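Below is one structure; the comments refer to it alone.
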Amino acid sequence: MTKEHFFDLAQLAYTEILTPTLEESLHFFTEYLGMFIVDRTEKSIYLKAYEETYHHSLKLTESTEPGVGAIGWRAVSPQGLQRRVKIIEEAGYGIGWTTGDQGYGETYQFKTPSGHVMELFWDVEYYKPLETEKTSLLNRAQKRPNRGVPVRRLDHINLMVNDVDKMSQFLTDVLGFKMREYVRFENGKMASSWLSVSNLVHEIALTLDPTAETGRLHHVAYWYGYPQNLYDVADLLKENGIFMEGGPGKHGISQAFCLYVYEPGGNRIEFFGDTGYLIFDPSFEPVVWDLKDIPGKGDIWIGAPLPPTFITYGTPIREVKQPPVPAPIMQS
Ligand SMILES: [Fe+2]
């Protein structure tokens, strides 16, 4: 009999991005991407996009180096939260309960085998727009801002990991993700993978880290939903000295329209111009790409190939002597 699958995680709710240039990073997210400041503490600033309903989706924290802090997932229900915490604890990855951060309630923290800190919770505080931010569109959290080219919501995170197989297994067996696509070397080991807890192809992706460092960030992605917005924001960012690494272009894996830039703190940020394809089939089987077959099949087919930095650069920044795979291979 087919084993019944339960998703206990509902969505990626927030990420914490570490930056050595807090005010410059803030300027990038508010003035070019139209995000709103919701709250601040001594070292952190909390931001949201205009279609997001929760308190924040981005916590910018001042740090000596760029990188990623806590990654927050909302559970599908209080029962789902308890169920999943038990599984995490039994697997030996738990850190423990906290009273939660600004805008989020009691939270269970754990550390993944890749060295990333994640948080799981149910209680959320919904954002209450100011009078000037209220919109006549009852299904939108607040007015579309007239700053920059405003992003609409957080889409996914891509982490650099030393062992893609091991981390993928943690995501499927311990957190309940479904594997959607992966790339494998000739020896069968995974080079990268894409997993989700919804109809999206991924809320999380993994990229093989060519360094021995743990816990690095490849990128955080925000969603536009309109391919034209990528050209609009690229035009704006170019004139304001923001480094664009690749795109706009269309991925083979995930089939999404993408653009990659480095925010002023050094972290790679991606923009999604559409959604790629959606998965409704409950018995969907993972799409497996052999590394040797990707050029001409799974690589970008609109726009230029991605540069070598795409597989070597992550944050915190570390020197890479030997890239693990040919340059334009790893995507999304
Ligand atoms: Fe991505």
Side-chain angles (χ1 to χ4, degrees), residues 11-15 17 29 33 49 57-58 66-68 71 73 114 116 151-161 164 167-168 171 177-183 190-209 216-227 229-230 233-234 237 243-263 266-279 286-287 289 294 298-307 309-315 325 327-332:
Q11 65 176 139
L12 176 63
Y14 59 76
T15 68
I17 290 179
F29 285 103
L33 307 189
S57 68
L58 176 61
V68 63
I71 300 157
W73 304 92
S114 59
H116 296 90
V151 291
R152 293 168 66 185
R153 64 164 172 78
L154 177 62
D155 191 83
H156 65 267
I157 189 164
N158 187 319
L159 302 176
M160 296 189 93
V161 304
V164 179
M167 181 61 174
S168 296
L171 292 172
F177 279 82
K178 279 202 169 181
M179 175 63 74
R180 302 309 194 179
E181 302 199 27
Y182 64 90
V183 178
M190 288 185 190
S192 53
S193 62
W194 292 260
L195 305 97
S196 74
V197 286
S198 72
N199 303 115
L200 300 175
V201 176
H202 65 315
E203 287 94 13
I204 189 165
L206 306 176
T207 298
L208 185 62
D209 195 328
R216 291 210 302 159
L217 174 68
H218 192 273
H219 64 264
V220 169
Y222 272 87
W223 187 72
Y224 277 118
Y226 301 110
N229 284 172
L230 301 193
V233 78
L237 298 179
F243 175 68
M244 286 185 283
E245 184 185 39
K250 188 159 175 91
H251 283 303
I253 293 164
S254 85
Q255 295 185 41
F257 215 76
C258 61
L259 170 67
Y260 296 95
V261 310
Y262 296 175
E263 58 88 21
N267 297 292
R268 182 188 286 108
I269 306 295
E270 181 185 14
F271 304 113
F272 250 28
D274 57 7
T275 311
Y277 72 98
L278 296 171
I279 298 168
V287 176
W289 301 84
I294 288 201
D299 54 347
I300 279 181
W301 74 84
I302 298 171
L306 291 164
T309 50
F310 196 75
I311 54 162
T312 57
Y313 184 90
T315 48
V325 295
I329 297 299
M330 312 285 275
Q331 297 176 7
S332 191

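Residues take their numbers from the sequence shown, with the count starting at 1. For ligands, and for the atoms within them, numbers begin at 1 and follow the listed sequence. Keep in mind the model is a prediction, meaning the values are calculated, not measured.
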With sequence neighbours left out, what residues match Glu181 under side chain to side chain contact (heavy atoms under 4.5 Å, CB included)?
Trp194, Val201, Ile253, Tyr277, Val287, Trp289
Contacts of Ser57 that satisfy side chain to side chain contact (heavy atoms under 4.5 Å, CB included) - sequence neighbours left out
Met35, Glu52, Leu154, Tyr222
Please name the atom of His156, restricted to N, O or S, that is closest to the Fe ion (ligand 1).
NE2
So which N/O/S atom does Glu270 have closest to the Fe ion (ligand 1)?
OE1
With respect to the Fe ion (ligand 1), please indicate if His219 possesses an N, O or S atom at a distance under 2.8 Å.
yes
Could you check whether any side-chain N or O of Arg216 sits under 3.5 Å from a backbone N or O of Gly314, counting only pairs where one atom can act as donor and the other as acceptor?
yes
When you compare the side chains of Thr207 and Ser192, does any donor N or O come within less than 3.5 Å of an acceptor on the partner?
no
